[in-house]
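Have a look at the structure below before the remarks.
The chain is numbered in sequence order, starting from 1. This structure is a prediction, so every number in the text was calculated from the model and none was measured.
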Amino acid sequence: MTLEQGDLILEILKRLQSDMTSVKRDMASFAVRLSALEDYTRGLTTSVFGMQADISAINHRLDRIERRLDLTEETE
């Protein structure tokens, strides 16, 4: 291998190394963004389950009120 070929290979390897550094940086950025999305989704899920629990409690109280006021419909 001549000196010129060795220099060419060295330049190619340097460019590859630079590209890999850029890819690693981008991947780290994506990992942070994905983590933020996971946290947001977890928060939304928690809120939905909380609302479902609140609605269930309201339904239970409403049923109790209807029974006390004798407002329940007769079932056939």
Revision key, fill the gap. Applied to residues 28-57, the side chain to side chain donor-acceptor pair (under 3.5 Å) test, sequence neighbours excluded, yields Asp39-Arg42
Exercise for review: Would you give the length of the straight line joining atom CD of Glu66 to atom CG of Asn59, rounded to the nearest 0.5 angstrom?
Suggested key: 9.5 Å
Point to revise | For Leu37, all residues meeting side chain to side chain contact (heavy atoms under 4.5 Å, CB included), sequence neighbours excluded | key: none
**Study point:** Co-members of the apolar cluster containing Phe30 [side chain, <4.5 Å]
**Key:** Val23, Met27
List, one per line, each side-chain donor-acceptor pair under 3.5 Å for residues 3-22, sequence neighbours excluded.
| unit_1 | atom_1 | unit_2 | atom_2 | d |
| --- | --- | --- | --- | --- |
| Gln5 | OE1 | Thr2 | N | 3.1 |
| Thr21 | OG1 | Gln17 | O | 3.0 |

Check your understanding: Quick one: hydrophobic cluster around Ile65, which other residues, with the 4.5 Å side-chain cut-off, linked directly or via members?
Key -> Leu69, Leu71
**Study point:** For Arg25, all residues meeting side chain to side chain donor-acceptor pair (under 3.5 Å), sequence neighbours excluded
**Key:** none
